[in-house]
Amino acid sequence: HFILNIKPLSLNKMLRMHWAKRSKEQILYDYAILEAKQKLPFEVKKLLPLNNIINACIIYHFADNRIRDYDNYSGKFIFDALKHNGIIVDDNCKIIKKIELQIKLNCNQEYTEIILTY
């Protein structure tokens with residue numbers, strides 16, 4: 001279970017970014033995952049990386065009440081960051097069997113919650 005204290009980016013925003021800025025955004029996700037990994041209990045860290053078949057749930061929390069499309073929040077940067085930080089072996093369909101996305105509106109702050117189960 002990971003909490004990322006960064007505002008979720010939509011796919012539309014990412015596609016409109018210059019490649020260099022998009023690369024910097026990926027680095028922000030990498031650092032956020034690394035920071036969240038450091039906060040895990042020692043027992044959990046010993047189990048990483050997860051090379052089993054896993055299910056992933058990503059819950060996006062937004063402060064406002066604007067309606068958002070699920071297809072704009074696929075979790076691409078998140079799954080890449082999980083892979084870069086050695087939490088999952090790969091983000092392909094043989095490793096991740098199920099992805100659940102949730103969007104919660106009117107929250108006190110904006111953050112992303114990631115739950116991996118196997």
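Below, each value reflects all heavy atoms present in this structure, side chains not excepted, and no hydrogens, waters or symmetry copies. Starting from 1, each residue takes its place in the sequence as its number.
Under the side chain to side chain donor-acceptor pair (under 3.5 Å) criterion, Glu25 pairs with no residue at all, not counting sequence neighbours. Residues that satisfy the side chain to side chain donor-acceptor pair (under 3.5 Å) test with Asp80, not counting sequence neighbours, are Lys76. Applying the side-chain contact (heavy atoms from CB on, under 4.5 Å) criterion to Asn108, with sequence neighbours excluded, gives no partner residue. With sequence neighbours excluded, no residue satisfies side chain to side chain donor-acceptor pair (under 3.5 Å) with Asp91. With sequence neighbours excluded, the residues that form a ring pair (Phe, Tyr, Trp, His ring centres under 6.0 Å) with Phe62 are Tyr73.
Sorted by first and then second residue, the side-chain hydrogen bond (donor to acceptor under 3.5 Å, both in side chains) pairs involving residues 8-17 (not counting sequence neighbours) are Asn12-Asn72. Here side-chain hydrogen bond (donor to acceptor under 3.5 Å, both in side chains) pairs that include residues 92-104, with residues two or more places apart or in two chains, are Asp90-Asn92, Glu100-Gln102. Each salt bridge (charged side-chain N to carboxylate O under 4.0 Å, His left out) pair with one or both residues in residues 54-75, not counting sequence neighbours, appears once here: Asp64-Arg66, Asp64-Arg68. Applying the ring pair (Phe, Tyr, Trp, His ring centres under 6.0 Å) definition to pairs two or more places apart or across chains, those involving residues 75-95 are Tyr29-Phe77. Among residues at least two apart or in separate chains, salt bridge (charged side-chain N to carboxylate O under 4.0 Å, His left out) pairs with a member in residues 105-118 are Lys7-Glu110.
Ile95 places none of its side-chain heavy atoms less than 4.5 Å from the side chain of Ile53. By the 4.5 Å heavy-atom criterion applied to side chains, His61 and Ile103 are not counted as neighbours. In this structure, Tyr60 and Ile78 have side chains that are in contact, with non-hydrogen atoms separated by less than 4.5 Å.
Hydrophobic cluster membership of Ile3, counting Ile, Leu, Val, Met, Phe, Trp and Tyr whose side-chain heavy atoms lie under 4.5 Å apart directly or via other members: Tyr111. In the hydrophobic clustering, where aliphatic and aromatic side chains (Ile, Leu, Val, Met, Phe, Trp, Tyr) are joined below 4.5 Å either directly or transitively, Ile59 groups with Ile115.
Hydrophobic clustering places Tyr70 together with Leu15 (ILVMFWY residues linked when any side-chain heavy atoms are closer than 4.5 Å, directly or through intermediates). Residues Ile6 and Phe2 share a single hydrophobic cluster, defined by chaining ILVMFWY side chains whose heavy atoms lie under 4.5 Å apart.
Scanning all heavy atoms of the two residues, the minimum distance from Leu116 to Ala56 falls at CD2-CB, 3.8 Å. When all heavy atoms of Asp30 and Asn85 are compared, the closest pair comes out as O-ND2, 3.2 Å.
One finds the CZ atom of Arg22 at 11.0 Å from the CG atom of Leu9 (value rounded to the nearest 0.5 Å). The CD1 atom of Ile114 sits 6.0 Å away from the CD1 atom of Ile58 when rounded to the nearest 0.5 Å.
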TODO: Please report the C-alpha distance between Lys83 and Val89 in whole Å, then the side-chain angles of each, then the deciding distance to 0.1 Å, and finally whether the side-chain contact (heavy atoms from CB on, under 4.5 Å) criterion is met.
DONE: CA-CA 6 Å; Lys83 186 171 67 172; Val89 174; over 6 Å; no

TODO: Take Leu28 and Lys24 through the test side-chain contact (heavy atoms from CB on, under 4.5 Å) and record every step on the way to the result.
DONE: CA-CA 6 Å; Leu28 286 177; Lys24 287 180 184 176; 5.9 Å; no

